Amino acid sequence: MAAQIWGSEKRARRRREISAKIAQMPELHDSKPLPFMTREEKIMESARKLTILTEKMGQIIDPTDPAELYHLNNEVLGLEGNPMALHGVMFIPALSAQASDEQQAKWLPRALRREIIGTYAQTELGHGTNLQNLETTATYDLATQEFVLHTPQITALKWWPGNLGKSSNYAVVVAHMIIKAKNYGPHPFMVQLRDEKTHEPLPGITIGDIGPKMAYNIVDNGFLGFNKYRIPRTNLLMRHTKVEADGTYIKPPHAKINYSAMVHVRAYMLTGQAIMLASALNIATRYSSVRRQGQIDKSQPEVKVLEYQTQQHRLFPSIARAYAFQFAGAETVKLYEHVLKEMKSGNVSLMADLHALTSGLKSVVTYQTGEGIEQARMACGGHGYSMASYISEIYGVAIGGCTYEGENMVMLLQLARYLVKSAALVKSGQSSKLGPLVAYLGVKSEPTSLIDRIPNSGFTEYVKTFQHVSKRQTLKAADMFFGLMEKGEKREIAWNKCSVELNRASRLHTRLFIVEAFVRRVNEIADIRIKEALTDLLHLHVNYELLDIASYALEDGFLSASQLDYIRDQVYLYLGKIRPNAVSLLDSWEFSDIELRSVLGRRDGNVYENLFKWAKSSPLNKTDVLSSVTQYLKPMMEKARL
Ligand SMILES: CCCCCCCCCCCCC/C=C/C(=O)SCCNC(=O)CCNC(=O)[C@H](O)C(C)(C)COP(=O)(O)OP(=O)(O)OC[C@H]1O[C@@H](n2cnc3c(N)ncnc32)[C@H](O)[C@@H]1OP(=O)(O)O
Ligand SMILES: Cc1cc2nc3c(=O)[nH]c(=O)nc-3n(C[C@H](O)[C@H](O)[C@H](O)COP(=O)(O)OP(=O)(O)OC[C@H]3O[C@@H](n4cnc5c(N)ncnc54)[C@H](O)[C@@H]3O)c2cc1C
């Protein structure tokens with residue numbers, strides 16, 4: 001099963017080897033539980049481990065393999081980020097995709113050797129979503145052949161970029177490029193921020209940390225202002241766009257090609273989200289098979305809380321989602337790598353499809369991951385609320401994904417643009433022009449669902465039902481939009497008036513893709529036992545998801561009330577079938593105790609003793625009487641007694 005999760009037997013074996021090596025290297029372990037550290041201590045601890053990793057990484061992993069790097073990162077540095085998180089996640093990808101060969105030769109080896117630390121600085125205090133209204137300017141000075149970076153007002157301060165505040169000395173900065181008074185829109189520039197020897201900010205640069213956040217507090221998300229700060233013309237990233245010495249602008253082959261670093265993260269973050277969901281579920285499911293509370297049959301002893309159907313219903317559909325996200329994420333990464341290769345050789349024809357797909361997936365996956373982790377926390381009762389469970393940290397980190405790389409509603413609307421264009425093709429009889437991901441929009445469906453009517457139909461009838469609801473909602477939202485425009489409404493106003501319905505279509509389309517990716521994977525599996533376990537999970541997934549969106553299928557009579565009862569019964573049937581496998585389905589992800597950082601989720605199940613040990617190690621327990629008591633509470637009580 002680990003081979004299915006991680007992509008191959010070799011990958012699963014490598015993960016095990018890496019975890020085993022890390023287990024033998026105490027210098028790479030947290031020196032004390034992260035929840036007991038201050039933010040400064042955590043940053044220091046992370047930087048300490050990071051420098052050891054830079055020295056020893058080659059002994060543990062193949063540093064050129066992103067999957068091995070990601071695993072090493074999760075085990076040693078953890079989810080809360082590190083002082084170089086953005087260096088690998090966005091700075092290097094931005095340089096790789098957007099810098100010319102000559103620029104790459106100059107900067108990439110230095111970045112890869114970690115001679116310099118970089119980030120991706122795009123979002124500002126006043127604007128994050130609407131890139132067209134970013135306010136930082138890069139004005140070309142023809143006389144000196146330099147760009148002058150400037151922050152005209154407080155809202156133009158860069159705000160949020162990870163590791164910008166204190167750790168990075170370089171950044172890819174996105175600014176509006178102005179040449180001879182003409183604004184060419186946002187473009188990426190390579191900018192040195194700090195002196196390489198002293199790490200002091202360079203003259204003309206104002207920089208710092210934006211303060212503590214809901215989670216991710218090891219990352220120094222920062223602010224950045226420029227006061228007429230000059231950089232050479234050749235620091236504009238010039239793989240696709242060029243500015244010649246005389247100010248001549250050569251436009252890129254696709255208007256949005258400079259957005260590729262964002263698409264990179266949107267594609268890769270899906271499996272990251274799956275891992276976080278599976279981690280929280282691993283903690284909750286293990287704990288639920290240790291925790292005994294109450295009786296189902298009063299004549300019997302107290303049961304493990306995992307025996308309660310409500311507990312299973314709370315956890316198991318999310319287990320299925322974690323697998324589904326992992327499989328859909330793996331497919332998306334493959335597609336991304338393919339499109340990136342094509343883009344580098346000048347073929348930009350697949351960019352729109354990739355953008356639409358990653359926009360929808362990013363939104364649905366992060367939202368459902370957040371939901372699943374929060375349910376996992378509640379499933380652990382009181383102990384879930386303790387930082388000893390570590391679930392609250394996982395939650396805080398995971399839901400950051402609903403916001404970064406494009407706020408979820410906004411990204412769903414990006415997918416909706418693609419769906420509406422596709423609907424227009426269907427309406428004008430040009431279905432043959434539909435791309436493969438939306439081809440179903442042009443296919444006539446049966447009048448009613450055949451779920452429960454055709455024995456041994458596998459998952460075909462389910463997929464058809466998901467296709468039907470997605471198609472119907474897409475065409476309905478598109479009709480609403482076209483209808484408003486026909487009545488004379490301006491395009492943008494009509495769009496806004498339909499946007500809730502449009503986003504519903506985007507969600508349904510994305511959920512269909514996730515179901516299909518799960519079905520594709522299960523169909524590929526040769527090993528009978530693995531196939532059987534995953535088929536059970538897939539049954540739970542399709543029935544649970546369909547029940548969740550049933551109103552769309554009920555409203556036009558595609559599903560009947562009796563079919564809905566059948567689907568509900570299937571959910572209960574598969575909850576029971578999955579119960580014996582539940583812990584194994586999560587243990588198959590092979591998270592080590594070091595990686596999980598959870599007292600509740602320990603592999604050995606020795607929860608209570610370790611919770612007590614953990615509580616005793618709280619800094620508050622170093623002394624029996626705190627100074628808050630001697631200074632304030634004790635005098636207060638004494639005064640009251642007089
Ligand atoms: C091994 C690696 C592991 C990684 C694991 C991940 C771990 C995660 C770590 C966490 C780190 C967090 C880091 C976070 C970083 C950031 O958040 S960086 C900042 C991100 N910011 C955003 O995402 C901003 C969101 N906004 C936008 O993307 C855009 O502004 C917009 C909403 C898309 C609109 O852009 P705009 O230029 O205004 O577009 P329009 O003029 O309206 O045109 C829209 C048309 O453009 C098409 N389009 C847009 N984007 C793309 C694209 N990327 N590719 C292709 N096409 C694109 C769009 O489809 C529209 O087309 P038409 O409908 O044909 O007009
Ligand atoms: C943990 C974290 C890490 C980050 N790291 C980085 C980084 O490394 N580099 C970087 O540059 N940035 C980074 N960011 C910033 C992030 O990319 C932005 O916050 C994000 O893109 C959302 O933009 P915003 O803050 O402007 O939200 P807003 O756009 O102000 O969103 C507020 C509300 O308005 C709605 N809204 C906005 N526009 C529309 C619209 N057109 N239609 C409908 N609704 C709309 C949204 O849906 C939302 O409900 C990070 C953010 C976080 C939380």
Side-chain angles (χ1 to χ4, degrees), residues 65-71 73-74 79 81-82 85-94 118-134 158-165 168 171-174 185-186 210 213-217 219-222 224 254-276 329 333 336 339 343 348 350-359 362-363 366 396-421 492 495-496 499-500 502-503:
D65 183 329
E68 294 199 2
L69 257 171
Y70 194 58
H71 178 51
N73 181 72
N74 279 356
L79 294 172
N82 66 77
L86 265 288
H87 183 80
V89 170
M90 287 197 89
F91 180 65
I92 289 177
T119 182
Y120 183 80
Q122 179 175 287
T123 307
E124 296 175 355
L125 190 52
H127 291 89
T129 295
N130 184 7
L131 301 181
Q132 302 302 332
N133 276 27
L134 291 177
K158 292 293 169 194
W159 199 276
W160 269 113
N163 308 128
L164 172 67
S168 300
V172 169
V173 172
V174 178
I210 64 168
K213 298 143 305 210
M214 189 165 167
Y216 259 136
N217 279 306
V219 180
D220 46 315
N221 293 78
L224 165 68
H254 188 292
K256 309 298 175 191
I257 205 158
N258 288 332
Y259 293 177
S260 69
M262 289 183 274
V263 182
H264 170 88
V265 183
R266 288 175 200 145
Y268 271 93
M269 67 190 275
L270 305 171
T271 49
Q273 292 277 324
I275 289 171
M276 286 189 272
V333 164
Y336 167 79
V339 177
M343 268 165 58
V348 292
L350 293 170
M351 275 179 59
D353 301 64
L354 179 68
H355 173 57
L357 178 70
T358 49
S359 297
K362 179 258 177 227
S363 307
T366 55
V397 170
I399 60 163
C402 298
T403 307
Y404 66 64
E405 295 309 347
E407 208 286 323
N408 277 356
M409 294 294 166
V410 175
M411 299 324 287
L412 288 170
L413 285 168
Q414 286 292 304
L415 167 57
R417 288 172 78 117
Y418 182 87
L419 291 178
V420 166
K421 274 193 206 164
E492 295 78 6
W495 184 262
N496 190 39
S499 51
V500 172
L502 288 164
N503 275 2

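All values reported here derive from a predicted model rather than from experimental measurement. Position 1 is the first residue of the sequence; numbering continues from there. In listed order, ligands and their atoms are each counted from 1.
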Can you name the atoms of ligand 2, numbered from 1 with element, that are less than 4.0 Å from a heavy atom of L413? 42 (N), 43 (C)
Ligand 1 atoms in contact with V410 (distance to a heavy atom under 4.0 Å): 32 (C)
Which residue owns the protein heavy atom closest to atom 15 (C) of ligand 2, what's the atom, and how far is it? T123 OG1, 3.2 Å
Residue L86 vicinity, atoms of ligand 2 by number, heavy atom under 4.0 Å: 8 (O)
Just jot down the ligand 1 atoms closer than 4.0 angstrom to any heavy atom of M90, in number order. 15 (C), 18 (S)
Per-atom contacts, ligand 2 versus T403 - under 4.0 Å to a heavy atom: 19 (O), 20 (C), 21 (O), 22 (C)
At under 4.0 Å between heavy atoms, is it the side chain or the backbone of M343 that contacts ligand 1, or both, or neither? neither
Whether H254 side chain and V348 backbone form a donor-acceptor pair below 3.5 Å: no
Donor-acceptor under 3.5 Å (Q273 side chain, A398 main chain): yes
Does ligand 2 have any atom sitting under 4.0 Å from a heavy atom of E405? yes
Tell me which part of V263 gets within contact of ligand 1: side chain, backbone, both or neither, using heavy atoms under 4.0 Å. side chain
Checking a contact table here: which protein heavy atom is nearest atom 36 (P) of ligand 1, and how many Å away? Q132 NE2, 3.4 Å
Do E124 side-chain atoms and G126 backbone N/O form a donor-acceptor pair below 3.5 Å? no
Atom 51 (C) of ligand 1 touched by protein (heavy atom, under 4.0 Å): yes
Minimum-distance protein heavy atom relative to atom 41 (O) of ligand 1: K256 NZ, 3.1 Å
Are any of the protein's heavy atoms under 4.0 angstrom from atom 34 (O) of ligand 2, yes or no? no
For ligand 1, find out whether one of its N or O atoms is nearer than 3.5 Å to an N or O atom of E405. yes
Donor-acceptor check, side chain of K158 to backbone of V173, threshold 3.5 angstrom: yes or no? no
Check whether N163 reaches the backbone of T119 with its side chain - one donor and one acceptor, N or O, closer than 3.5 Å. no
Any heavy atom of Q122 under 4.0 Å from ligand 2? The part involved is both
min-distance protein heavy atom vs atom 34 (C) of ligand 1 -> Q414 NE2, 4.0 Å
Minimum heavy-atom distance between S363 and T366, given as atom pair plus value: O-OG1, 3.2 Å
Please state whether G272 comes within less than 4.0 angstrom of ligand 1, counting heavy atoms only. no
Any nitrogen or oxygen of Y404 lying under 3.5 Å from a nitrogen or oxygen in ligand 1? Just yes or no. no
Check ligand 2 against V410 and write out every atom of the ligand that is under 4.0 Å from a heavy-atom position of the residue. 36 (N), 37 (C), 38 (N), 39 (C), 45 (C), 47 (O)
For atom 23 (O) of ligand 2, decide whether some protein heavy-atom distance is shorter than 4.0 Å. yes
If we number the atoms of ligand 1 from 1 as shown, the ones under 4.0 Å from a heavy atom of K421 are 62 (P), 63 (O), 64 (O)
Show me which atoms of ligand 1 lie under 4.0 Å from any heavy atom of H254. 55 (C), 56 (N)
When you measure from atom 29 (O) of ligand 2 to the protein, is at least one non-hydrogen atom found at a distance under 4.0 Å? yes
Kindly say whether V219 contributes a backbone atom to a donor-acceptor pair with the side chain of K213 at under 3.5 angstrom? yes
Under-4.0 Å heavy-atom contact between protein and atom 26 (O) of ligand 2: yes
Could you check atom 26 (N) of ligand 1 against the protein and tell me its nearest heavy-atom contact, residue, atom and distance included? T129 O, 3.0 Å
Of W495, Y120, F91, W160, the residue with the heavy atom nearest atom 53 (C) of ligand 2 is W160
Under 4.0 Å from one or more heavy atoms of G406, ligand 1 contributes atoms 22 (C), 23 (O), 25 (C)
Within the 4.0 Å heavy-atom shell around Y216, which atoms of ligand 1 are there? 9 (C), 10 (C)
Distance filter under 4.0 Å to G128 heavy atoms, resulting ligand 1 atoms: 24 (C)
Looking only at protein heavy atoms, what sits closest to atom 60 (C) of ligand 1 is R417 NE, 3.6 Å
Q122, any N or O under 3.5 Å of ligand 1 N or O: yes
Test item: Y268 and V89 side chains (from C-beta on) under 4.5 Å apart, heavy atoms: no
